[in-house]
Amino acid sequence: MTPADLFSHQEQDQPVTLGPGAVVLRAHALPFIDELLPAISAIEACSPFRNMVTPGGYTMSVALTNCGELGWWSDRRGYRYTRIDPITEKSWPDMPPSFLRLAQTAASKAGYPDFMPDACLVNRYLPGSRLSLHQDRNERDFSAPIVSVSLGMSATFLFGGLERSDRAARLELHHGDVVVWGGPDRLRYHGIMPLKGPAHGLLGEQRINFTFRKAG
Ligand code: SIN
Ligand code: FE2
């Protein structure tokens, strides 16, 4: 092993600290991948991806669906969580056991051992899709962290401060990476730069992101 190999190996294995309550767990999702991909197809077959409209009337470039007891929803009336998918008029699909294990193992590694998510947003980015800086603040209480999983194409994640105007750090997220933010970092602004770059070997020209939350 050359020193360069050793460095990249260490980089893969070491959690990257983003703040007192925020960490990147490189490749944490990889051992779950064989279970995750069929589970995404099953979710999508019940509640398809859709491009929601923001309260300001703008159609999001990221397509979204949900699994779990609660699902995130946006339209002209605002942002909220619902128990029923307004498109299918049925409950959101159940959270697959592999999703829950992934979320809980990541949260534990990040220092949040009792994480019990009741909502999982599934975001699909195609080339050009972006998510502007925002806070996750539609959840009832902020004591539980956010656990965010990246699959497919790599993306540039923006991790800002508690004010929209704070300078945001930029960091590349790759297939299998998991970011956890909670505690004093729970309300940090974050976003994703327009997706670009090479297609992913397994997922092609897309990036899938799950964010697990305790919403209710
Ligand atoms: C989100 O903030 O809901 C998604 C972040 C990401 O796609 O990594
Ligand atoms: Fe978010």
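Just so you know, ligand 1 is whichever comes first in the structure, and atom 1 is the first atom listed for that ligand.
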Could you list which atoms of ligand 1 come closer than 4.0 Å to a heavy atom of [X]?
X	result
R213	3 (O)
H190	2 (O)
S148	8 (O)

**Prompt:** Could an N or O of ligand 1 be found under 3.5 Å from any N or O of H134, whether backbone or side chain?
**Reply:**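 It does: an N or O of H134 is found under 3.5 Å from an N or O of ligand 1.
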Heteroatom proximity flag, N209 to ligand 1, N/O under 3.5 Å |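 Yes.
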Provide the atom name of the closest N, O or S atom of D136 relative to the Fe ion (ligand 2).
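That would be atom OD1.
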Which is the closest N/O/S atom of H190 when seen from the Fe ion (ligand 2)?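 So the atom name we want here is NE2.
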How far is [atom] from the closest protein heavy atom, and which atom is that?
atom	result
atom 7 (O) of ligand 1	Y125 OH, 2.5 Å
atom 1 (C) of ligand 1	L131 CD2, 3.5 Å
atom 8 (O) of ligand 1	R207 NH2, 2.9 Å

**Q.** Presence of salt bridge, E69 and R83, under 4.0 angstrom
**A.**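 Counted as a salt bridge, because a side-chain N and a carboxylate O are separated by less than 4.0 Å.
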Checking side-chain polar atoms at under 3.5 Å, does [X] have a donor or acceptor matched by the opposite partner on [Y]?
X	Y	answer
Y81	R213	yes
E172	T156	yes
S47	N66	no
D177	S150	no

**OP:** Under the ring-ring contact (aromatic ring centres under 6.0 Å, His included) rule, what do Y79 and W72 come out as? Steps first, then yes or no, please.
**Re:** CA-CA 7 Å; Y79 305 121; W72 187 85; 5.4 Å; yes
Can you tell me if S150 contacts ligand 1 (heavy atom of the residue under 4.0 Å from the ligand)?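 It does not, in that no heavy atom of S150 comes within the 4.0 Å cut-off of ligand 1.
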Identify whether L102 and I208 are in the same connected component of the hydrophobic contact network (ILVMFWY, side-chain heavy atoms under 4.5 Å).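 Yes, because L102 and I208 connect within a single hydrophobic cluster, where side-chain heavy atoms sit under 4.5 Å apart.
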Once the angle between the rings of F157 and F159 is folded into 0 to 90°, is it parallel (under 30°), tilted (30 to 60°) or perpendicular (over 60°)?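 Geometry flag for F159 against F157: parallel rings.
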Going by the closest heavy atom to atom 3 (O) of ligand 1, which one wins out of N123, L121, L133?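 Ranked by closest heavy atom to atom 3 (O) of ligand 1, first place is N123.
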